[in-house]
Protein chains: 2
Amino acid sequence: MDTSIIENRDAAVEAPKLPDEIHYFLWNKIATLELKPGVKLSELGLAEQFKCSRIPVREAVRRLNVEGALDSQPQRGSFVSRIDLEEVKRVRYLREVLETRIVLDAYDANLLGPLVPLLRGMVRDQKNMLSFNELEKLTDADTQFHDFFYHLENKEFVQAHTGRYDIHYIRARRLALGVERSDKQRYDDSLNVVLQHDRMIDAIENGDRAALEDELINHFRNINHTLEDILHRNEFTDYFHI
Amino acid sequence: MDTSIIENRDAAVEAPKLPDEIHYFLWNKIATLELKPGVKLSELGLAEQFKCSRIPVREAVRRLNVEGALDSQPQRGSFVSRIDLEEVKRVRYLREVLETRIVLDAYDANLLGPLVPLLRGMVRDQKNMLSFNELEKLTDADTQFHDFFYHLENKEFVQAHTGRYDIHYIRARRLALGVERSDKQRYDDSLNVVLQHDRMIDAIENGDRAALEDELINHFRNINHTLEDILHRNEFTDYFHI
DNA sequence: TATTCTATATTTGTATACCAGATTTAAGAG
DNA sequence: CTCTTAAATCTGGTATACAAATATAGAATA
């Protein structure tokens, strides 16, 4: 009896399938704007790049189409989608409603008061990053600051609906926060974000629920103002849809 | 990868494609429970059914996998997914937060007061359907009643995040409201729904915002109770995951 | 009878080939 | 030099074929 081969299907760590790898690769390239909106790709070219046939490539491409990252047109090609501002606005609204509710629920459950010192420390770190002009680190710290509340309420799953995986929102946020803007713009925006965090904690400390809600809603509307500013300056207009 | 060639033309010629048709057909069959959870399909069998090759079928199947409607396992087959109760609970939470906010926003904008007679008429119609035991019509009327508020606030897009296209939530709702339950159960549940609608309008009429919010939250939690009831009776246990 | 082994059938994953339509290129007329 | 037009090229859509893994049914065995 052959007992050398132990079959343990459930515990087996499945290797990522080829279409998944291709999808992941392209999604990241698109999300980071490394592949610019409007750029033309072709299934055959991708197949050569990944040294496989068109079939696995095609599966990844079709999935990217469904996700809105690619726009494939028969007999023309597959194009990196332009950023859909309406979609960004929709996601921003969802984030305003859902994340505001989660923070306020934590507030109403009296979870936030005892955490004020911890939150102050997080914002203090953010201020230090700002003073050292570590804006990349600050962006990550901002993300962590917000994730903190999701974890506090065990509502991590909601993040899937607040733009974390939305290719349009992700690219808009990158444009708004990333290296595409000038150093002064990035510093001003980052300072604004940190000051907003400070005022949120003030509201928590003061027991001012309405002020906390206002600060939250205003905070999530930042991206609207930044995008309007970018479009007003006619920067990156070819990155956007219409 | 060539990123130098930027295609500026965004032609938009839409034609119904074979994979889309197959996807739509299967999605509906699954959503209506006509294809029962756990049933095995095969790409080749579907290809024969649709009189085409496996390629278009495969595209539809892969998309259904991403959407959670199918679970394809290599060299085993493609199985209609069982209903994921955790996913249903997640979607129910999103609906509670988002739809409650939308109705309360309309209330705060003083849009609902003048509409009380209209809302009363809708509920009166629902009561008539109930008295004539037209439960299918009543289910549609319930959907319309809720859609009314989305349209009032121009937030139709939010419906995409409140279960309208979630295959697990849709099937759970169908089990909870549909012909799978006994006539008495369906009548009792429907009566409960209509009475809840009535109490919402009462709260609007009385200017009792807190009561409106409570009724809304309670209303969206109905499905939890119904599903617990179904599982407690050991009905349709093979429809659910674990 | 119950269990194990084996040949066969089934199913998904992938490669290759071909098609139809759109685009690009280049030749030719004015 | 510009415009027209037809051939060449590129691209996604589909069909067929094969490979690898799994399931199934029947035979062989204890």
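Only this structure's heavy atoms are used, side chains among them; waters, hydrogens and symmetry mates stay out. Residue numbers start from 1 in every chain, and the chains themselves are labelled A, B, ... in the order their sequence lines are given, proteins ahead of strands.
A salt bridge links A:R186 with A:E136: at least one charged nitrogen is closer than 4.0 Å to a carboxylate oxygen. Residues B:R181 and B:D189 are paired through a salt bridge, judged by an N-O separation under 4.0 Å between the basic side chain and the carboxylate.
Atom CG of A:D71 is separated from atom P of D:dT11 by 16 Å (rounded to the nearest Å). Between the CD atom of B:E43 and the P atom of C:dT14 there is a distance of 11 Å, rounded to whole Å. In this structure, B:L18 atom CG and C:dC19 atom C1' are separated by 15 Å, rounded to whole Å. Atom pair B:I55:CD1 and D:dA15:C1' shows a separation of 7 Å (rounding to whole Å applied). Protein atom CZ of B:F79 is 13 Å distant from nucleotide atom P of D:dT22, rounded to whole Å. Spacing between atom CD1 of A:I22 and atom P of C:dT14 amounts to 9 Å, rounded to whole angstrom units. The nearest whole Å value for the distance from the CZ atom in B:R58 to the P atom in D:dA15 is 15 Å. Rounded to an integer number of Å, the gap from CG of A:L44 to C1' of C:dC18 is 14 Å.
Between C:dA22 and A:R76, no contact under 4.0 Å exists linking OP1 or OP2 to a side-chain N or O. Between B:S78 and C:dT11, a side-chain N or O to OP1/OP2 separation shorter than 4.0 Å is absent. Remark: B:K17 is in phosphate contact with D:dG13, judged by side-chain N or O atoms under 4.0 Å from OP1 or OP2.
The base of C:dT12 is paired with the side chain of B:Q75 by a donor and an acceptor separated by under 3.5 Å. The base of D:dG13 sits with one of its N or O atoms less than 3.5 Å from a complementary donor or acceptor on the side chain of A:R54.
A residue-by-residue look at B:E59 and B:K40 shows that B:E59 has its nearest nucleotide of DNA chain D further toward the 5' end. The residue among B:C52 and B:P74 whose nearest nucleotide of DNA chain D lies closer to the 5′ end is B:C52.
Side-chain rings of B:F25 and B:F50 approach one another, their centers coming within less than 6.0 Å. Taking the six-membered ring for Trp and the full ring otherwise, the centers of B:H219 and B:H197 sit less than 6.0 Å from each other.
In this structure, the nucleotide among C:dT14, D:dG12, D:dT14 sitting nearest to the side chain of A:S53 is C:dT14.
Contact annotation for B:L41: backbone-only contact, meaning every heavy-atom pair under 4.0 Å involves sugar-phosphate atoms and none involves a base. Residue contacts for A:S72: at a heavy-atom cut-off of 4.0 Å it reaches no nucleic acid atom on any strand shown.
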- Task: Decide side chain to side chain donor-acceptor pair (under 3.5 Å) for A:D142 and A:Q144; before the verdict, give the C-alpha distance in whole Å, the side-chain angles of both, and the deciding distance to 0.1 Å.
- Result: CA-CA 5 Å; A:D142 177 59; A:Q144 282 186 325; over 6 Å; no
